[in-house]
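One structure is given here, and the rest of the page talks about it.
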Amino acid sequence: MGNKKLMTQEDHPVSALVFPQQPPPIPAPFTFHRFFVDLPEYQGPCDLLLWLMRREFIEPSQVSARQIAESFRPKGSRRTEQAEDLFAIACLAHLKSCLLLAEESDEEAEPETGEEESEAVARQALRRRGFQNLAFRQAAGFLQERLRVWADALARPADAEDGTGEKELVLPQEPAALLVHALKGLLAKITEPQVSVPRRRWTVPFRIRTLTQILRFSADEPYTFDRLCADCQSRQEIIITFLALLELIRRGRVFAWQESPFDPIYLIWRNQ
Amino acid sequence: MDGEGVESLSGRATEITEEVSQGSYEELKRGLECVLFVAPRPLTVKELSDILQVSEKKAEGLVIRLAQEYRERSGLLIVEVAGGWRMVTAPEYAPYVRRVFPAPKARLSRSALEVLAIITYHQPISRPEIEALRGVDSEGAIQSLLEYGLIRVVGHRSGAGRARLFGTTTKFLEVFGLRSINDLPPLSEWQERAADILSQRLKEEGGDAQQETVSPSGPFDGQKN
């Protein structure tokens, strides 16, 4: 369950540690006096700090991990609390290390073995990520500049009805929705051929004759009402069959029988 | 606004429109102006050739020549975006236009732009891959880019989880005024800049810049798609 907390910047215990010396410009979310956060788990202010950092409300480079670590050290009275504090501080250090490059050079480093080697690999990976991040920030800056310029070049709105415009296909994400989307596309393409089917014209006397023939020659194997209507193609034909059957029962030619409620209704021809 | 210079447009136009006589050109030009004025989306050369009933070569020549004329004398521009041609107002006159048509300016957060840059250069790419590159949660940024219509789901990664793969849309090209993705500078250019910035930082911190050369090798080393 998520813990909803209503925080203000002033009463936040971490806020004093985040900007210890010179407070930088306040990021946009903190310009409000009240700021809602939805933490999956809240065990202390470090959780909130990590949450804010992961969502980029706080720049990791502006957070002093050392001061936070020092402030938590005496507070943990039990081992579990101390472990939680350590874990939070480790997460904080990891986040910071993602942005800050290691200072050692691989080329000049001494040959490393075991843990040192894995550390070197991790350091290299962090360095690469930091480098890629920086490259993409440059690309993002370029896009921002292009967006700024092109936002001033106004064109006829793209959502205007043009009748001939090809709308870009945006695929839904669920497989079932994909299928429905594909089905709709196919149905839209297909034009039904004009087919004319001559309609059968059943009458009650006609149906009495056909039912008589059917039931008479199936005396050994009783018919159910459902089976009798199996060849009906419309509601009207079922009604006609029903009326014909009632007439045959009235005349005493057919006997209807049901073993128990909701069981099939059997129709038996009565030879007189 | 960047794009092709007047000289290069002129060169392309004379190459292609040599065969169009003056009288026919005037009529076609006016027709083309009307078509571009009413079109709510960029029109490809093929569409223009169908509309004007001329060959694609002639249609391209006409639209380039018209674009050149507009660039020289009009507050409107004919620009090539998203694989087609469309008429837009010149950005320098935007203050006047916005008094009549106060359309809100598109705003994207820094993180959304970073995610968009990653998708642009690595498409198709999944969310875990984007997050591996950035090191932070990117769901919010991806969601807003999807809502803006700048990216779309182009498929699913095979394997466990079938992660969604994202790519840019035609709207992305229109919004950023690009003819195609190839109009963007190659990723290597940004990597060079990043290397320069890192070297500069290290120099300022007193380190040896020569030692800290970073190679962009790895799963996302980047050649532009």
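Here is the naming used below: chain letters follow the sequence lines, and residue numbers restart at 1 for every chain.
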Nearest 0.5 angstrom please: [X] [atom1] to [Y] [atom2], how far?
{"X": "A/Asn133", "Y": "B/Glu114", "atom1": "CG", "atom2": "CD", "value": "6.5 Å"}
{"X": "B/Leu108", "Y": "A/Leu147", "atom1": "CG", "atom2": "CG", "value": "5.5 Å"}
{"X": "A/Gln144", "Y": "B/Phe176", "atom1": "CD", "atom2": "CZ", "value": "9.0 Å"}
{"X": "B/Leu76", "Y": "A/Leu154", "atom1": "CG", "atom2": "CG", "value": "11.0 Å"}
{"X": "A/Arg146", "Y": "B/Leu113", "atom1": "CZ", "atom2": "CG", "value": "13.5 Å"}

Which atoms of [X] are under 4.5 Å from chain A, going by heavy atoms: the side chain, the backbone, both sets, or neither?
{"X": "B/Tyr93", "answer": "neither"}
{"X": "B/Ala39", "answer": "backbone"}
{"X": "B/Val81", "answer": "side chain"}

Minimum heavy-atom distance [X]-[Y], with the two atoms named:
{"X": "B/Ala194", "Y": "A/Ala135", "answer": "CB-N, 3.7 Å"}
{"X": "B/Pro91", "Y": "A/Ala153", "answer": "CG-CB, 4.2 Å"}
{"X": "A/Ala151", "Y": "B/Arg98", "answer": "O-NH2, 2.6 Å"}
{"X": "B/Ala195", "Y": "A/Phe131", "answer": "N-CE1, 3.6 Å"}

If we only count heavy atoms from C-beta on, is the [X] to [Y] side-chain gap below 4.5 Å?
{"X": "A/Phe136", "Y": "B/His122", "answer": "yes"}
{"X": "B/Phe172", "Y": "A/Leu143", "answer": "yes"}
{"X": "B/Arg134", "Y": "A/Gln132", "answer": "no"}

Residues forming a salt bridge (Lys or Arg N to Asp or Glu O under 4.0 Å) with B/Asp196, sequence neighbours excluded: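 Residues passing salt bridge (Lys or Arg N to Asp or Glu O under 4.0 Å) with B/Asp196: none at all.
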
By ring pair (Phe, Tyr, Trp, His ring centres under 6.0 Å) - contacts of B/Tyr70 (at least two apart):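 With sequence neighbours excluded, B/Tyr70 shows a ring pair (Phe, Tyr, Trp, His ring centres under 6.0 Å) to no residue whatsoever.
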
